[in-house]
Amino acid sequence: MAEYSFREIEKKWQAYWENQGTFLAEVNPEKPKFYTLDMFPYPSGAGLHVGHPLGYIASDIVARFKKLKGFNVLHPMGYDSFGLPAEQYAIQTGQHPAITTEENITRYTEQLKNIGFAFDWTKEVRTSDPSYYKWTQWIFMQLFNSYYDLEADKALSIDSLISRFEKEGNSRVKAVCDEDTQAFDAAAWKAFSEKEKQEILLKYRLTFLAETSVNWCAALGTVLSNDEVKDGFSERGGHPVERKKMMQWSMRITAYADRLLQGLEKVDWSEPIKEMQRNWIGKSIGAEVVFEIKGSDKTIKVFTTRVDTIYGVTYLALAPESELAAELITEDQRATAEAYIEVAKNRSERERMSDVKTISGAFTGAYAINPFNGEEIQIWVADYVLAGYGTGAVMAVPAHDERDYNFAKHFNLEIRQVIDGSMENGSFPGKGGLIINSGMISGMYMKDAMIKAIEFLEEKGIGKGKIQYRMRDAIFTRQRYWGEPLPVYFKDGLPYLIDEKELPLILPEVDKYLPTEDGEPPLGRARDWTYKTSEGEFPLEKSTMPGWAGSSWYFFRYMDPKNDAEFAAKDKTDYWGAVDLYIGGSEHATGHLLYSRFWTKFLFDLGAVSIDEPFQKMINQGMIQGRSNFVYRVKGTNTFVSHGLKDQFDTSDMHVDVNIVHNDQLNLDKFKAWRPDLANAEFVLEDGKYHCGAEVEKMSKSKYNVVNPDDIIERYGADTLRLYEMFLGPLEQFKPWNTNGIDGVFKFLRKLWNLYYTPAGDFAVSVAEPSKEEFKALHKAIKKMEEDMTHFSFNTSVSSFMICVNELSSLKCNKRGILEPLAVLVSPYAPHIAEELWALLGNTESITKTSFPAFDEKYLIENIHEYPVSINGKMRVKLTLPLSLTVPEIEAVAMADPNVQKWLEGKAPKKVIIVPGKIVNLVV
RNA sequence: GCCGGGAUGGUGGAACAGGUAGACACGCAAGACUUAAAAUCUUGUGAGAGCAAUCUCGUACGGGUUCGAUUCCCGUUCCUGGUACCA
């Protein structure tokens, strides 16, 4: 066999790895561990396109590299298999989503296996599998049975809260709970009925049922979380989304806001991703201030980050949804104010967002009293105030806040300056200035004034310092079929958990996957969707969990996927620990990555795992975009003009399938065969070729720019695909898929192959001692790969392999001493060809069992070496010096250099520091 | 609007600590082999001038720091990701 026949080789080694269990990963305390993880895919009906494997290839390279370096590597793959597309398909066709999902998974697995990943497939997980979602439900139950204790700063069991209530009521309990929780003492607690007790406990539980304002998507018939909504439309499907009040399960993720923020300091993620999470959590430090209302015993609580400007408050503004606002309206303002509230409330979120510039509001007629100076100030209703943030009320300081300023200008309200500085054409004195016209805090700067003002508030009992988060509690229910059922039944209208022994609560069969006629979720169609206890039969929860439930803990399940007694055994989670390298897209920054951190912290509090950050290092690979090709048809004819000549004709452009275009040249025969109407197409060519136009767009079927990895593998092989995806550019960069350069990578593999063969096609490797040049070529590549592995710049490693093989081939190197380590070196990138060559060299064990070739610097040293010279830490000149020179000789040559002389101006340097091979420092 | 990331030949991209810009690859051109094509190999390939050695200009644009800037600083333009009345 002389030809590089990748088809045979790849099939052979993929079967070998599977039969030998080469990549099975088991706990082994003798060896250091390395956990590489990819964001598992949702198995969609379209199959994998060429963009999906990008990150998987990168992590596979790292996994194989680490294995060669002696690590025990866990590198699993699985499927996030609950999701909307399968359900939508089920609605249209009546086919059970489980069947569609199964088919898609089969196809995905087949496609993935063709690429030759070092996955341990025995660790595969599927979120829609009952043996998996049993534990998703179990985690939900633990959350239900926990509350967040602020003194311990962790989640504790709800039973411990109950025993505190029995002893002393709730007045001294510092815990995260609903705003409206009333105080009670031990006696009162004991006097409460079972129902009342449960209602109170629900206000503390980490997952709870409450009436919440949600993003309702009528077209999908379900609620969506904030990160599933983009610009007022659903992320999947692009349907309009509106705000609606509904009873929903929520997760008290806000209890963890601060720990989620602090945890970011400990992990090695890119700064932009951390920043996105910080913004999403949106911590603001400020104060809550209570304003009394004139002629009423009601009060208005506002949140502000700038109490120091309190003397500049000239009105209060309430959100239109505020019930208090409706109550406060006086007779003379009733007509206008109520009309305004009606209009504002009915404006959809979408309208409100797209129309930020229009200023609107209405005076209620009521007045509040500024607690600092006793002044009466008007109370307004304004739709720039959001009901969902802070207290839904704002103290307006028009002089120092842009929105307040615009509002005051529009309605002709007073603008009172309390920070020194000029205020001209819309520029506001900011945080730096001295505070003026402000009674007790005049003459202070912001920081001191805030402290003083908060002290005053707390003394008087009319406010306090407060930290507010932008992040809301996460809605945890979806009115869908294809998701995890919640292990909850209802008694007296209150939720109770089912018995843990009953898990998993299996998703029931339904006749249709649509909501019921009376608007209940699809599970409302299930027969016997009830729970039987000794007390009777009770209805089960009809909503299911959101998509992010299953993906928030799958990285633990990979460690122990078949465990039926625990979500994962403690000794296994302790051994594998946090994910050492997580590769995936940045689009999950505010969804999956935040929820996973939240659940991990919770499991940590529970003592179920020993880590509280799941992903130590993360790389965000850039999306691969499509690159569309165009042909230019002369209008009204069947004649197509090459790109360069199209301006000479009246043409219209047309997408052409990128798979019949190579290097932007159209394959004319394939084009004629592409569609029947093109069979008799005619062409106007340039230099005998048809050049297509190209444009970067999203990869989509309708643009004929989808490239299937299977096609690339069929034509060039998996090793070429792997190398090429890496060669395309930096992993983190967004880039269009473009096969223009793939021939070069394929040629490289063929050249590599030919190193082991004579021109006549015989396998021939000599045992002669390699020359210095040969060692040098190899060790340059070894060094480069080791360095690249620390910065994840896979693209330049591929280049360094190419250089190495080019040099070896021009040296006609066929020596075992070089070719054996060379096969190992390239094996993480191109594992199939490496295994084949390794076996040809007479090795009987897989190449993955050997170790990475040791780098030796001595091979890189040349006779002539360039020394950069730097003087006084500033001047640096590169000199070409023979390596044999002694230190004084190097110094002499450096001193004789014209640039150095110019710099020294005749003076002698005080000290000469020479770092061999590095830098000569001359200190003046 | 606010917060990130980016802009280098015909193309994808190198330059990892301020020190020979354009590695490597594609494409293109010329040549070798071939009846021919494909494949392979060799050479050239940022722009301009020159027979040539060589010189000048060049990393989006305008400035600055430095002996020296793709790299650091200030300003501008364009592309791109996130987020958006968050008080």
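Atoms considered below: every heavy atom in the structure, side chains included; atoms not considered: hydrogens, waters and symmetry mates. Lettering of chains follows the sequences in order, A, B, ..., and the numbering in each one begins at 1.
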Does the B:C26 base have a donor-acceptor partner in the side chain of A:Asn738 within less than 3.5 Å?
no

Looking at [X], I'd like to know whether one of its side-chain N or O atoms comes within less than 4.0 Å of OP1 or OP2 on [N].
{"X": "A:Gln468", "N": "B:A87", "answer": "no"}
{"X": "A:Asn279", "N": "B:G82", "answer": "no"}
{"X": "A:Tyr384", "N": "B:A87", "answer": "no"}
{"X": "A:Arg278", "N": "B:C3", "answer": "no"}
{"X": "A:Ser284", "N": "B:A87", "answer": "yes"}

Starting at atom [atom1] of [X], determine the distance to atom [atom2] of [N], rounded to an integer number of angstrom.
{"X": "A:Ile281", "N": "B:G82", "atom1": "CD1", "atom2": "P", "answer": "18 Å"}
{"X": "A:Asp383", "N": "B:C85", "atom1": "CG", "atom2": "P", "answer": "11 Å"}
{"X": "A:Met785", "N": "B:A14", "atom1": "CE", "atom2": "P", "answer": "18 Å"}
{"X": "A:Asn740", "N": "B:G10", "atom1": "CG", "atom2": "C1'", "answer": "12 Å"}
{"X": "A:Ile273", "N": "B:U83", "atom1": "CD1", "atom2": "C1'", "answer": "13 Å"}
{"X": "A:Glu732", "N": "B:G6", "atom1": "CD", "atom2": "C1'", "answer": "13 Å"}
{"X": "A:Gln733", "N": "B:G81", "atom1": "CD", "atom2": "C1'", "answer": "13 Å"}
{"X": "A:Asn406", "N": "B:A84", "atom1": "CG", "atom2": "P", "answer": "20 Å"}

Any strand: nucleotide that pairs with [N] via Watson-Crick or wobble, under 3.5 Å:
{"N": "B:C78", "value": "B:G6"}
{"N": "B:U70", "value": "none"}
{"N": "B:G1", "value": "B:U83"}
{"N": "B:C24", "value": "B:G12"}
{"N": "B:C57", "value": "B:G46"}
{"N": "B:G18", "value": "none"}
{"N": "B:U40", "value": "B:A32"}
{"N": "B:C51", "value": "none"}

Is the shortest distance from a Lys or Arg side-chain nitrogen in A:Arg278 or A:Glu275 to a carboxylate oxygen in the other one below 4.0 Å?
yes

Under 4.0 angstrom, heavy atoms only, what part of the nucleic acid is [X] near: base, sugar-phosphate, or nothing?
{"X": "A:Asn806", "value": "sugar-phosphate"}
{"X": "A:Lys751", "value": "sugar-phosphate"}
{"X": "A:Tyr469", "value": "nothing"}
{"X": "A:Asp788", "value": "nothing"}
{"X": "A:Arg472", "value": "base"}

Side chain of [X] only, heavy atoms from C-beta on: which candidate in [options] is closest?
{"X": "A:Asp743", "options": "B:A23, B:C16, B:G27", "answer": "B:G27"}
{"X": "A:Phe303", "options": "B:G13, B:A25, B:A87", "answer": "B:A87"}
{"X": "A:Asn795", "options": "B:G13, B:U83, B:A87", "answer": "B:G13"}
{"X": "A:Pro730", "options": "B:G12, B:G13, B:A87", "answer": "B:G13"}

Using the [atom1] atom as the reference point in each nucleotide, state the distance between [N] and [M] in Å, no decimals.
{"N": "B:G27", "M": "B:U11", "atom1": "C1'", "answer": "7 Å"}
{"N": "B:G18", "M": "B:A7", "atom1": "P", "answer": "15 Å"}
{"N": "B:C16", "M": "B:G9", "atom1": "C1'", "answer": "23 Å"}
{"N": "B:G58", "M": "B:G10", "atom1": "P", "answer": "16 Å"}
{"N": "B:A32", "M": "B:G50", "atom1": "C1'", "answer": "30 Å"}
{"N": "B:U59", "M": "B:U71", "atom1": "C1'", "answer": "10 Å"}
{"N": "B:U42", "M": "B:A25", "atom1": "P", "answer": "11 Å"}
{"N": "B:C61", "M": "B:A53", "atom1": "C1'", "answer": "36 Å"}

Taking O4'-C1'-N9-C4 for purines and O4'-C1'-N1-C2 for pyrimidines, is B:G10 syn (within 90° of 0) or anti?
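In terms of base orientation relative to the sugar, B:G10 is anti.
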
With a distance cut-off below 6.0 Å to the six-membered ring centre and an angular limit of 45° from the axis, does A:Arg597 pair with A:Trp280 as a cation-pi contact?
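A:Arg597 over A:Trp280 ring: no.
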
Just checking A:Tyr315 against A:Phe407, ring centres under 6.0 Å apart?
yes

Less than 4.5 Å apart, side chain to side chain, heavy atoms only: is that true for [X] and [Y]?
{"X": "A:Asn279", "Y": "A:Met276", "value": "no"}
{"X": "A:Tyr716", "Y": "A:Tyr724", "value": "no"}
{"X": "A:Leu593", "Y": "A:Met39", "value": "yes"}

Specify the residue among A:Ile742 and A:Pro736 whose closest nucleotide of RNA chain B lies further upstream toward the 5′ end.
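Going by which nucleotide is closer to the 5' end, it is A:Pro736.
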
Tell me which of A:Gln625 and A:Glu271 sits closer to the 5' end of RNA chain B, going by the nucleotide each one is nearest to.
A:Glu271

From CA spacing to verdict: salt bridge (charged side-chain N to carboxylate O under 4.0 Å, His left out), A:Lys784, A:Glu787:
CA-CA 5 Å; A:Lys784 181 77 178 127; A:Glu787 281 171 0; 5.2 Å; no

Could you give me the CA-CA distance, side-chain angles and deciding distance for A:Glu725 and A:Lys735, then say whether salt bridge (charged side-chain N to carboxylate O under 4.0 Å, His left out) is met?
CA-CA 11 Å; A:Glu725 292 225 1; A:Lys735 55 207 167 241; over 6 Å; no

